[in-house]
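Below, each value reflects all heavy atoms present in this structure, side chains not excepted, and no hydrogens, waters or symmetry copies. Residue numbers run from 1 in the order of the sequence given.
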Amino acid sequence: MKRGRRKISIIKEIRNNNKKKIWINEDWKTEKQKNMVIDPTKLISDGINIYDKRNLLVYLSTDNIPSLKTDIVIKMFRLSRIYDRLRFRIVSSKAERSLKMALALKKAGINTPTPIALIEKRGFTNKIIYSYFITEYIPHEYTLLDILKDDEHPLRNNVKVFIPFIAKDIRKMHDAGIIHNDLHAGNILINNLEKPSFYYIDLNRGRIKKKLSIKKRMKDLARLKLKEDEQRLFMKHYSPDMYQKLIELMRQARNRRKRILSFKRNLKKKIRNKKNK
């Protein structure tokens with residue numbers, strides 16, 4: 001079966017007295033595979049950490065664990081900020097949002113790592129005790145950011161080949177009512193350089209709307225840093241009929257984002273200075 005066309009079951013919640021929530025891809029519902037992914041803490045200890053900052057990402061290979069159906073990535077979400085610990089008591093967790101977004105992208109025909117499992121537990125006052133999201137691992141040599149940030153990168157000239165495909169993917173995403181909300185080049189994986197395909201990851205900030213306005217679409221593109229000629233190429237393939245107008249709207253969205261980020265940085269700096277006095 002072709003990647004991106006696997007049959008994905010709908011989200012089903014299994015709740016017990018311990019306030020657990022479990023979703024498992026039906027391809028992994030044999031008893032052996034189910035038992036394996038239902039307790040990711042055991043798997044994590046056998047994996048390789050590929051990211052360990054705000055959240056933890058762990059890679060596990062079938063070479064090391066032959067009983068796995070495929071190489072996988074486990075994402076363990078951490079809630080370090082008090083604001084997040086309080087907010088996620090009353091809203092869907094990052095893991096659940098990631099799952100819903102992945103299923104929506106798959107339905108729209110857009111590449112994203114196939115979701116395998118969601119496992120989370122809540123405690124008193126609905127506090128999240130742990131929250132995991134497990135997906136297939138997509139082999140990739142680079143993210144788009146790896147190439148964009150280095151003008152001397154051997155594939156830097158290939159960006160203009162990549163952009164039309166990415167623009168059409170994102171247009172399809174937006175037409176399906178999907179807002180990524182963290183759509184920067186580091187969240188676009190490039191798979192198979194000879195015949196490239198692009199995978200969109202880090203979905204936990206995403207939203208699904210019935211219809212997206214132009215303003216919301218351009219706001220979603222504000223994090224995607226491209227050179228001026230690359231922006232023009234992107235918009236020509238995103239919206240051939242009105243690309244010139246959208247280029248200006250995207251620039252305005254980027255400038256608004258810069259002002260907001262600058263304000264936040266200055267505010268944090270003032271708060272730190274006051275605390276240090």
Would you say that [X] contacts [Y] through its side chain, given a criterion of any heavy-atom pair below 4.5 Å between the two side chains?
X: Lys75; Y: Leu57; answer: yes
X: Trp23; Y: Pro115; answer: yes
X: Arg217; Y: Arg171; answer: yes
X: Ile170; Y: Phe234; answer: yes
X: Lys107; Y: Ile178; answer: no
X: Arg97; Y: Phe133; answer: no

Measuring from [X]:[atom1] to [Y]:[atom2], what's the distance to the nearest 0.5 Å?
X: Arg251; Y: Arg254; atom1: CZ; atom2: CZ; answer: 10.5 Å
X: Gln231; Y: Met250; atom1: CD; atom2: CE; answer: 4.0 Å
X: Leu99; Y: Ser93; atom1: CG; atom2: OG; answer: 9.0 Å
X: Gln252; Y: Leu246; atom1: CD; atom2: CG; answer: 11.0 Å
X: Leu249; Y: Ile214; atom1: CG; atom2: CD1; answer: 7.0 Å
X: Ile179; Y: Arg207; atom1: CD1; atom2: CZ; answer: 8.5 Å

Where do Arg87 and Asp84 land on the salt bridge (charged side-chain N to carboxylate O under 4.0 Å, His left out) test, with the steps shown first?
CA-CA 5 Å; Arg87 180 165 67 102; Asp84 283 338; 3.2 Å; yes
Can a donor-acceptor pair be found between the side chains of [X] and [Y] at a distance below 3.5 Å?
X: Asp220; Y: His174; value: yes
X: Glu136; Y: Thr70; value: no
X: Lys106; Y: Thr114; value: yes
X: Thr62; Y: Asp71; value: yes

Would a distance-only check, ignoring hydrogens and angles, find a side-chain to backbone donor-acceptor pair under 3.5 Å from [X] to [Y]?
X: Asn187; Y: Asp182; result: yes
X: Arg122; Y: Ile129; result: no
X: Gln33; Y: Ser67; result: yes

Which atom of [X] lies closest to which atom of [Y], heavy atoms considered:
X: Leu148; Y: Arg156; result: O-NE, 3.6 Å
X: Asn111; Y: Ser197; result: ND2-CB, 3.9 Å
X: Val37; Y: Ala117; result: CG2-CB, 4.1 Å

Write out all pairs satisfying ring-ring contact (aromatic ring centres under 6.0 Å, His included) with one or both partners inside residues 245-264, taking only residues at least two apart or from two chains.
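The answer is none; no pair qualifies.
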Return the orientation label for the Tyr142 and His153 ring planes: parallel under 30°, perpendicular over 60°, tilted otherwise.
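Perpendicular: the ring planes of Tyr142 and His153 meet at over 60°.
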Please report the C-alpha distance between Ile147 and Asn158 in whole Å, then the side-chain angles of each, then the deciding distance to 0.1 Å, and finally whether the side-chain contact (heavy atoms from CB on, under 4.5 Å) criterion is met.
CA-CA 9 Å; Ile147 300 171; Asn158 290 42; over 6 Å; no
Is it true that Arg232 and Glu228 have a side-chain N and a carboxylate O under 4.0 angstrom from each other?
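Salt bridge between Arg232 and Glu228, a charged N being under 4.0 Å from a carboxylate O: no.
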If hydrophobic residues (ILVMFWY) are linked whenever their side-chain heavy atoms come closer than 4.5 Å, directly or via other members, who joins Leu86 in its cluster?
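Members besides Leu86, by chain and number: Ile82.
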For salt bridge (charged side-chain N to carboxylate O under 4.0 Å, His left out), just list the numbers for Asp202 and Lys94, CA-CA rounded to whole Å, side-chain angles, deciding distance to a tenth of an Å, and then say yes or no.
CA-CA 10 Å; Asp202 207 0; Lys94 292 181 179 181; over 6 Å; no
I want to know whether Phe162 and Phe198 have ring centres closer than 6.0 Å.
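They qualify: ring centres under 6.0 Å apart.
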